[in-house]
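In this text the structure is predicted, and so the values were computed from the model without any measurement.
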Amino acid sequence: MKFIAIIPARYASTRFPGKPLAELGGKPVIQRVYEQAVSVLGEAYVATDDQRIYNKVLEFGGQAIMTRTDHKSGTDRIEEAATKIGTTADVIINVQGDEPFIQRSQIETLCQLFDDPQTQIGTLGKRFDSIEATENPNSPKIVTDVNGFALYFSRSIIPFIRGKEKSEWMQQYPFLKHLGIYAYRREALSAITKLPQSPLEKAESLEQLRWLQNGYRIRVGETTVETVGIDTPEDLKRAEAFLAESHLL
């Protein structure tokens, strides 16, 4: 089975314009993401709508593809890029352009999900460390069936533990945080980008609920690795500290 990584990267960002080109430990953020992905999969592309990002990727020796400026999601950008590239990959991995610390083990876990032919889409979850963390609506929660397929994603705490004080909930159930990395079979990627927004997606503002509500099967792999995504200049400072402490890159 052939895998390829496509990394969506926009220059425009409300909270951190130009973040793919921001320096992290002497390299642009997008270069660190690219190098992590290509070291595991052997082939990766940055999909961007900005000439500056495109030029920078070529400058450090990476592969890039220009895409339209009007995409509403990274998934749509990846579909356009995959079509333009003409890839023969069976599975396309969507590595977020602001995740420079994505680890080999995480990518490998995603790939292994597709050993099961029923897996159409794959993603990752990590167990929450505290009940306070589960209460953050910016950290979506996942519940799965006994085979690891997603039943639902929510910004609310799910499931509700009846008859127990909230301080006891962590001992009753392994609450799972959703990490925003996806992998798609090629035909599934093409199909889901043609779907209209669903009522659940609009309610929770979670794109993956569109796929679930239309019957697609999302397999969830579990990771113990915590990464540091970069959404703001403050996140970049935390990433610099993380880099210095961890020696991961």
**Request:** Could you grab the distance from atom CD of Gln106 to atom CD1 of Ile93, nearest 0.5 Å is fine?
**Result:**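 One gets 11.5 Å once the value is rounded to the nearest 0.5 Å.
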
**Message:** Between Lys194 and Ser190, is there a side-chain donor-acceptor contact under 3.5 Å, judged purely by atom types and distance?
**Reply:**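 Yes, a side-chain donor-acceptor pair sits under 3.5 Å.
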
**Message:** Does Arg52 qualify as a cation-pi partner of Tyr11, given the criterion of NZ or CZ under 6.0 Å from the six-membered ring centre and within 45 degrees of its axis?
**Reply:**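 Arg52 over Tyr11 ring: yes.
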
Sidechain N-carboxylate O distance under 4.0 Å for [X], [Y]:
X      : Y      : result
Asp145 : Arg219 : no
Lys126 : Glu222 : no
Lys19  : Asp231 : yes

**Transitive ILVMFWY cluster of Met66, excluding itself - 4.5 Å side-chain cut-off** = Tyr54, Leu58

**Residue Gln51 excluded, over 12 heavy atoms near CD under 6.0 Å** =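 More than 12 within 6.0 Å, yes.
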
**Asked** Taking atom NZ of Lys2 as the centre, does the number of heavy atoms from other residues, nucleotides or ligands within less than 6.0 Å exceed 12?
**Response**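 Atom NZ in Lys2 is packed in, count exceeds 12.
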
**Request:** Can you sort out the partners of Asp90 under salt bridge (charged side-chain N to carboxylate O under 4.0 Å, His left out), two or more places apart, ordered by chain and number?
**Result:** none

**Asked** In chain order, what residues pass the side-chain hydrogen bond (donor to acceptor under 3.5 Å, both in side chains) check against Glu108, with sequence neighbours excluded?
**Response** Arg104

**Item:** Close side-chain approach of Thr144 to Phe149, heavy-atom, < 4.5 Å
**Value:** no

**Prompt:** Would you say Thr48 and Thr67 make side-chain contact, with heavy atoms under 4.5 Å?
**Reply:** no

**Request:** State yes or no: are the ring centers of Tyr182 and Trp211 separated by less than 6.0 Å?
**Result:** yes

**Prompt:** Should Val33 and Leu179 be regarded as members of a common hydrophobic cluster, given that ILVMFWY residues are connected when their side-chain heavy atoms come within less than 4.5 Å of each other, either directly or indirectly?
**Reply:** yes

